[in-house]
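Here's the structure, in structure tokens; my notes come after.
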Amino acid sequence: MINLITAPRGTYDIMPDRALVWQWMESTIRQVLLSYGYGEIRTPIFEHTELFQRGIGETTDIVEKEMYTFADQGKRSITLRPEGTAPVVRAYIEHKLYGVAPVTKLFYLGPMFRQERPQAGRFRQFHQFGVEMIGAESPVADAEVILLAHDLYHQLGLTDLEIHLNSVGCAQCRQAYKTALTSTLEAVADELCTTCRLRLDRNPLRLLDCKSPSCQAAVSKVPPIQDYLCPDCDHHFKGVLALLDQVKVKYKLSPKLVRGLDYYSRTVFEIINHDLGAQNALCGGGRYDGLVEACGGPAVPGVGFASGIERLLTTLEQKGKLPELSGAPQLFVLPLGEQLTAVAFELATSLRRQGFFVELGNGTKSLKAQLKSAHKSGAALTVIIGEDEWQAQQVTVKIMGDGSQKRIAAAELQKEIASLISPLGKKYQ
RNA sequence: GUGGGCGUAGCUCAGCUGGUUAGAGCGCCAGGUUGUGGCCCUGGAGGUCGAGGGUUCAAAUCCCUUCGUUCACCCCA
């Protein structure tokens, strides 16, 4: 074995059994989001690099060190999408959706790419679904988006997750808070960790959720951001909380939750599963009132979230909420001897055209070996075509569950099968 | 990018302080039944012990390097 080529670091193959779970997951998500009035949008997997630089923010970790960026043959700088919001906003502007309706509700689902060191719950190619409600300013929109995430998880059977909430204010009040942070913390700059010292003038808000004890101690001297919210932002945030209270959804206020993307304003939130390991956020999102304008569109507000599908699957698995899914055929057609292979092939084809899921046995193998395959395949019924019965234009139908079987005329087979099972697929000619 | 754990059969793993042809369970294939699966029994195939180098009479075992993987930090879904 020389130079075995494996899937690149941080990527993985979804094998057939697992793909069943993904299909279920994706269709469940789509169904719920459609029922909440969101339309699916499928944007390209790659975009012009500038979109993310402008949209996510030059000083974010994603843009600084995590993007898969390359020059295409026309020397354009291209980046595999690291997140979904910026592309959706780009498409929203490009298709002038702001002129179609005051509020646009979109969702996406697909792979994202970030060049980080993999660990539990983190991959280089991972999958997210997310919703974006663009054009709505009211706290109702924030609450609705949070509720959507909450209800979707609930529908999947996840009822004990924590919602963490905060407001990071608008550009004005955030600036006031940043100034307060910087002036207080500069005095104790030597107590901060090296990255936080850099953050001090680059992105002081990020100091808040640093885990280093000394940084935590320093930060605790600064009053929470709530104290700096302007009246409008304060009112907005309280409005969101009141709506959540009204529908009796529990949340935790996390004054230190700031999130890493530059575009957030006012409401930010995360939904956490503590059993997930270090990367425990199932979804994260918030309001991004300045983003559409920053990307070259009109000054319309927006709110949304992104949810990690791998983490969702892990959580469902942990809590035993994944459904039992089977890719098993319904019927196993078993030719006894090579000379009957063509007959079996014809029968299998005809049954498939009626919508049955059919597996065909290998006629060169013994009955015993083929029955073993049939058993392993999970088929409910096995149709045995052997010399004896075929000479009399008969076949044997065996019910795998209890082992019972009977010989019937080949002409009666369709009727016999129909009396036992119904096709899982569609009939076609 | 930094730090720790782990790389032995398809899978999960044993293999003590270096010592003959490297093992188990499961899985796979075949047989026990000239045409009957699941349970049982018997047999078989399958490993250059991640790779490279070093120490030694002798290395899966000790040392170095490297690659992969995993967990954590940073950050995030």
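To find a chain, count down the sequence lines: A is the first, B the second, and so on, and within it residues start at 1.
- If you check B/rG37, B/rG68, B/rC74 against the side chain of A/Arg9, the one that comes closest is B/rG68.
- Ring-plane geometry between A/Trp22 and A/Tyr12 is classed as tilted, the angle between the planes lying from 30 to 60 degrees on a 0 to 90 degree scale.
- Using a 4.0 Å heavy-atom criterion, one finds that A/Met400 contacts the bases of the nucleic acid, with or without backbone contacts as well.
- Sorted by first then second residue, the salt bridge (Lys or Arg N to Asp or Glu O under 4.0 Å) pairs that include residues 123-132 of chain A, not counting sequence neighbours, number zero.
- In this structure, the side chain of A/Ser254 does not engage the main chain of A/Asn166 through any donor-acceptor pair within 3.5 Å.
- With both ends at atom C1', the span from B/rC74 to B/rA45 equals 49 Å, rounded to whole Å.
- A distance of about 13 Å separates the P atoms of B/rA59 and B/rA22, rounded to the whole Å.
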Under 3.5 Å, which donor-acceptor pairs link side chains of residues 414-425 of chain A to any protein atom two or more places apart or in another chain?
{"from": "A/Gln414", "atom 1": "OE1", "to": "A/Gln354", "atom 2": "NE2", "distance (Å)": "2.5"}
{"from": "A/Lys415", "atom 1": "NZ", "to": "A/Glu412", "atom 2": "OE1", "distance (Å)": "3.2"}
{"from": "A/Glu416", "atom 1": "OE2", "to": "A/Lys406", "atom 2": "NZ", "distance (Å)": "3.4"}
{"from": "A/Ser419", "atom 1": "OG", "to": "A/Glu416", "atom 2": "O", "distance (Å)": "2.6"}

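- The shortest side-chain heavy-atom distance between A/Ile272 and A/Leu161 does not fall under the 4.5 Å cut-off.
- Residue A/Gly378 is out of contact with every strand shown, counting any heavy-atom pair closer than 4.0 Å.
- One P atom belongs to B/rA51, the other to B/rA60, and the distance between them is 11 Å to the nearest Å.
- Contacts of A/Phe123 with the nucleic acid, taken as non-hydrogen atoms under 4.0 Å apart, include base atoms.
- In this structure, the nucleotide among B/rA77, B/rG35, B/rC71 sitting nearest to the side chain of A/Phe126 is B/rA77.
- Nucleotides B/rU8 and B/rG50 place their C1' atoms 10 Å apart, quoted to the nearest Å.
- Taking the nucleotide of RNA chain B with the nearest heavy atom to each of A/Arg407 and A/Pro8, the more 5' of the two is matched to A/Arg407.
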Polar atom pairs between nucleotides 44-46 of chain B and protein, under 3.5 Å, N or O only, would you list them?
none

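- Of the side-chain N and O atoms in A/Gln119, none sit less than 4.0 angstrom from OP1 or OP2 of B/rU70.
- Nucleic acid contact for A/Ala374: none, since no nucleic acid atom lies under 4.0 Å from a heavy atom of the residue.
- With RNA chain B read from its 5' end, the first of the two nearest nucleotides for A/Pro118 and A/Gly403 is the one closest to A/Gly403.
- Partners of A/Glu83 under the salt bridge (Lys or Arg N to Asp or Glu O under 4.0 Å) rule, at least two apart in sequence or in another chain, do not exist in this structure.
- Here, B/rG27 and B/rG38 have their C1' atoms 16 Å apart, quoted to the whole Å.
- Applying the salt bridge (Lys or Arg N to Asp or Glu O under 4.0 Å) rule to pairs touching residues 34-49 of chain A yields A/Arg30-A/Glu40, A/Glu40-A/Arg42, A/Glu47-A/Arg90, sequence neighbours excluded.
- Side-chain contact, A/Asp151 with A/Tyr36: a donor N or O sits under 3.5 Å from an acceptor N or O.
- No N or O donor and acceptor, one from the side chain of A/Gln370 and one from the base of B/rU36, sit under 3.5 Å apart.
- Of the residues in residues 269-288 of chain A, those lying under 4.0 Å from RNA chain B by heavy-atom distance are A/Gly277, A/Ala278, A/Gln279, A/Ala281, A/Leu282, A/Cys283, A/Gly284.
- Atom name C1', nucleotides B/rU56 and B/rU61: the rounded distance is 13 Å, in whole Å.
- Atom name P, nucleotides B/rA24 and B/rC63: the rounded distance is 29 Å, in whole Å.
- For A/Glu162, the salt bridge (Lys or Arg N to Asp or Glu O under 4.0 Å) partners two or more places apart in sequence, or in a different chain, are A/Lys252.
- If you take atom P in B/rG47 and the same atom in B/rG23, they sit 14 Å apart, rounded to whole Å.
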Polar-atom pairs under 3.5 Å, protein N or O versus N or O of nucleotides 29-33 of chain B: list them with distances, or write none.
{"from": "B/rG32", "atom 1": "N7", "to": "A/Lys368", "atom 2": "NZ", "distance (Å)": "3.3"}
{"from": "B/rG32", "atom 1": "O6", "to": "A/Lys368", "atom 2": "NZ", "distance (Å)": "3.3"}

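- The side chain of A/Gln405 sits closest to B/rU36 out of B/rU36, B/rC71, B/rA77.
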> Which parts of nucleotides 1-8 of chain B does protein reach within less than 4.0 Å, heavy atoms only, written one letter per nucleotide 5' to 3' as B for base, S for sugar-phosphate only and - for none?
Replying inline: BBB-----

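- Proximity of residues 45-69 of chain A to RNA chain B (heavy atom under 4.0 angstrom from any strand atom) is restricted to A/Asp61, A/Lys65, A/Glu66.
- Within 4.0 Å of A/Glu389, counting heavy atoms only, lies at least one base atom of the nucleic acid.
- RNA chain B forms stems at B:1-7 with B:67-73, B:10-13 with B:23-26, B:28-32 with B:40-44, B:50-54 with B:62-66, each a run of 3 or more consecutive Watson-Crick or G-U wobble pairs whose two key distances fall under 3.5 Å.
- Using a 4.0 Å heavy-atom distance criterion, A/Gly130 is classed as making no nucleic acid contact.
- For the contact set between residues 313-344 of chain A and RNA chain B, defined by any heavy atom under 4.0 Å, the members are A/Leu336.
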